[in-house]
Amino acid sequence: MGNFDSAAFRRHFPAICPEVVYLDSAATALKPTAVIEATDDFYRHHSGSVHRSQYRGATVLTTRYEQARQHVATWLNAPVASDIVWTRGTTESLNLVAQSYARNRLQAGDEILVSETEHHANLIPWLMVARQTGARVIKWPLGKNFLPDMSALPGLMNAHTRILALSQMSNVTGASPDIAAVAAIAHDFGAVVAVDGAQGAVHHRTDLQQLDIDFYAFSAHKLYGPTGIGMLYGKTALLAEMEPWQGGGKMLSSASFDGFVPSAVPQRFEAGTPNIAGVIGLDAALAWWRQQDCNGAIRYTTALADKAERQLAQLPGFRSFRAKDSTLLSFEFDGVHHQDMAAILSQMGIALRAGQHCAQPLMAALGISGTLRASFAPYNTPEDVDRLITAVKKALSLLTD
Ligand code: PMP
């Protein structure tokens with residue numbers, strides 16, 4: 001398992017308890033004390049809103065809030081902080097791109113190419129905008145190794161392809177396509193690339209300028225931060241051309257009954273009082289994560305998933321849907337319904353997710369109705385894997401006798 005100090009890492013997480021083996025970090029990660037304390041401190045000791053009031057407390061918060069934006073930009077190597085828009089999370093970010101970028105630009109005959117591996121968050125917003133504009137959503141089919149089929153890509157792109165939507169890492173299989181290579185092909189055809197980084201932001205080092213993608217979204221809660229906060233990155237020139245999608249306070253520079261003039265980017269996309277506590281929590285999560293041995297943590301987590309897969313593969317009827325080197329392990333057993341197994345595992349203190357993982361087209365492509373998914377994090381241990389295996393064996397004996 002390498003030199004990574006999992007015991008030290010684990011001590012940051014007060015929610016870890018001996019009764020439960022938490023294997024659902026791909027749904028949402030546990031929160032370290034640093035994040036809990038930063039959020040607690042905000043509610044306990046601060047007052048005021050951001051970008052509104054003039055008194056000292058409020059201006060201090062505004063500075064902190066904008067520093068957090070700069071920290072995210074630096075972490076992702078975005079050229080400027082104003083390329084970062086606060087949202088409720090990945091889902092809202094992708095809807096923002098669909099409604100604010102795509103809706104005004106698409107027309108009948110245009111195409112949006114979407115990978116078959118996508119979470120619904122990176123499919124439904126495109127189906128919605130296609131319905132609104134007359135554009136068509138085209139499927140980029142699953143290929144080998146749970147990745148979208150790269151060899152099919154050039155043949156699917158054409159002069160009508162306006163957008164390509166893809167995730168950096170699948171929440172089902174953990175497969176991580178070569179985003180830079182995809183972006184280069186898409187750009188040759190004049191399409192913009194929208195990347196769902198909900199899982200990828202946690203497991204990959206992301207350099208937006210090097211990847212050269214046009215839009216990128218993630219959610220803080222999968223990255224050890226609070227729920228209800230995330231961000232959208234957009235290339236400066238693209239954001240500058242986009243209309244606001246929600247109207248309200250502080251997204252405009254002047255308003256009358258005749259109309260309004262939107263503010264500059266990013267405020268024009270941030271109508272209403274924002275999630276200040278969320279931004280502070282996200283900032284704390286990022287600062288904390290950057291102090292950890294991130295590469296060691298990911299290698300260690302992958303080794304846990306390897307161990308679990310190796311041991312489960314000894315059991316009859318096991319089938320894995322795990323991409324190579326993934327920290328996620330989606331699996332099923334012949335003749336055993338995933339929900340039945342999950343219910344029994346839950347009684348034995350194993351917290352994992354079973355179902356379609358908001359990826360129904362991928363389930364259809366794999367020819368399955370769902371999977372169990374054990375998603376590992378650096379706070380899990382080899383003993384957690386042992387407990388999973390023991391519990392699965394017991395569940396199998398109950399369900400197959
Ligand atoms: N995309 C992927 C790959 C995900 O795993 C998730 C979360 N399950 C989302 C998008 C949506 O994220 P959120 O619910 O935080 O908006």
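Just so we're clear, the structure is a prediction, and the values are computed from it rather than from any experiment. In listed order, ligands and their atoms are each counted from 1.
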Looking only at protein heavy atoms, identify the closest one to [atom] and say how far it is in Å.
atom                    : answer
atom 3 (C) of ligand 1  : D196 OD2, 3.6 Å
atom 11 (C) of ligand 1 : T91 OG1, 3.5 Å
atom 5 (O) of ligand 1  : Q199 NE2, 2.7 Å

- Task: Mark yes or no for whether R10, through its side chain, and A8, through its backbone, hold a donor-acceptor pair below 3.5 Å.
- Result: no

Residues G174 and L328: closest non-hydrogen pair is N-CD1, 3.7 Å

- Query: Is there a side chain to side chain contact (heavy atoms under 4.5 Å, CB included) between L352 and D24 once you walk through the steps?
  - Reply: CA-CA 5 Å; L352 52 63; D24 202 17; 5.6 Å; no

Could you list which atoms of ligand 1 come closer than 4.0 Å to a heavy atom of [X]?
X    : result
T90  : 10 (C), 12 (O), 16 (O)
S219 : 12 (O), 13 (P), 15 (O), 16 (O)
A121 : 10 (C)

Answer yes if the side chains of H71 and D283 hold a donor-acceptor pair under 3.5 Å, and no otherwise. yes

Subject >> Test item: side-chain donor near acceptor, H221 and T28, under 3.5 Å >> reply: yes

Would you say the ring centers of F4 and Y300 fall short of 6.0 Å from each other? yes

Proximity of F13 and W288 rings by center, below 6.0 Å: yes

Under 4.0 Å between heavy atoms, the region of A198 that gets near ligand 1 turns out to be side chain

Honestly, for K222 the part within reach of ligand 1 (heavy atoms, under 4.0 Å) is side chain

Min over H221, H120, H119 of heavy-atom distance to atom 9 (C) of ligand 1 lands on H119

Pairs of nitrogen or oxygen atoms closer than 3.5 Å, one from R353 and one from ligand 1: do any exist? no

